[in-house]
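The residues of the chain are indexed from 1 along the displayed sequence. All ligand and atom numbering here is 1-based and tracks the order in the structure. Only heavy atoms go into these numbers, but all of them, side chains included; no hydrogens, no water, no symmetry mates.
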Amino acid sequence: MPGVAVPRSWGPWGAWSGVALLSALWLLWLFWVGPGGAPGGAPAPQRTLTILVWHWPFAHRPPELPSDTCTRYGVAHCSLSTNRSLLARADAVVFHHRELQTRQARLPLAERPRGQPWVWASLESPSHTRGLDRFRGVFNWVLSYRRDSDIFVPYGRLEPREGPVPPLPAKSKVAAWVQLPGQQRRVQLYRQLAPHLPVDVYGRANQRPLCVDCLLPTVARYRFYLAFENSQHPDYITEKFWHNALTAGAVPVVLGPPRASYEAFAPPDSFVHVDDFGSARELAAFLLGMNESQYRSYFRWRERFRVQRINDWRQRFCAICARYPHLPRDQVYQDLQGWFQA
Ligand SMILES: *[C@@H]1O[C@H](CO)[C@@H](O)[C@H](O)[C@H]1NC(C)=O
Ligand SMILES: *[C@@H]1O[C@H](CO)[C@@H](O)[C@H](O)[C@H]1NC(C)=O
């Protein structure tokens, strides 16, 4: 046997060296894979994790996934793939709910390697999520916008600003809203507001579509943006708040989860919450009666922060690797429906 000296006889010394060898191996194991990582702050060697994405969300063809995909989002040693041949050796498999729901997709349960973590991923609200009761005892981790998710992926966040604060766009109009299809509480609230507040409504439903690049410059001219969510659930705060309002430079008037939920994400004086008013009329009077210094105070956050939008599924899936060492190993969502609809 080349390179390894194997003791010929297990005399007392031989036995001792065997123990020593085992101890050394054990120490080595602790060193490389132990929970504390390498002692003394030396970086533990990292193995590249393979995340298999079973269906690419909302797409029949996945984007190109070059090997440095996650590095570009600041996550090292993480490989995303949609190659299902990797099922047998992927470190985690992620299933996006929409495709499970609409295509009634079959899960590869029979081929699942023992102990392989499966991730359920969705950024839709519970009101627009069906069929969860099919997945009892299947998933180990949840990727969603909810703060109590295993992999928490909000639609956006504030991050410290570096560099100068851009000037606030000049305002010539009062309030804008992009209406999306559906008859929900937001439509009802809009109807109650409209007699008291000049609101310009954009969107396909109103024959006033806004192209993707037109949204920000259009909303920028308004003092307020009606960031009404399609349904009201804990932490369900979408791009309507982060992008359409904050990034555009309009004060968000929010209809969504309670104020406390918004305050977990953004300063309390960065938005107007509809729940703070007894009626639509009162809300309209407040918005119209606001003087300039009061209005400007809603933008104080801009001195310290900028909005980071998180809207790319590649970035969201790379977050699985970033969280991987901290995720619970023996967890199973026996009642995913109960958890999500809670
Ligand atoms: C998928 O992975 C298998 C196994 O590693 C490999 O042989 C195959 O070429 C891959 N397919 C594609 C399309 O990359
Ligand atoms: C603006 O409104 C705020 C709040 O109502 C008030 O405290 C402040 O004095 C007003 N400023 C001016 C210049 O009118």
Legend entry - Qualifying ring-ring contact (aromatic ring centres under 6.0 Å, His included) pairs, either residue in residues 271-291, two or more places apart: Tyr262-Phe271, Tyr262-His273, Phe277-Phe286
Legend entry - Pair Arg259 + Asp276, salt bridge at N-O below 4.0 Å: yes
Inset, instruction - Just jot down the salt bridge (charged side-chain N to carboxylate O under 4.0 Å, His left out) partners of Arg136, sequence neighbours excluded, or say none. - result: Asp335
Legend entry - Within-cut-off N or O pair, Asn83 and ligand 1, under 3.5 Å: yes
Legend entry - Under 4.0 Å from ligand 2, counting heavy atoms only: the protein residues, by chain and number: Asn291, Ser293, Gln294
Legend entry - Sub-6.0 Å ring centroid separation between Trp339 and Tyr333: yes
Legend entry - ILVMFWY clustering at 4.5 Å (side-chain atoms), partners of Val219: Val178, Tyr202, Leu210, Leu215, Tyr222, Tyr225
Inset, instruction - Test the Arg223-Tyr295 pair against the cation-pi criterion, namely NZ or CZ under 6.0 angstrom from the six-membered ring centroid and within 45° of the ring axis. - result: yes
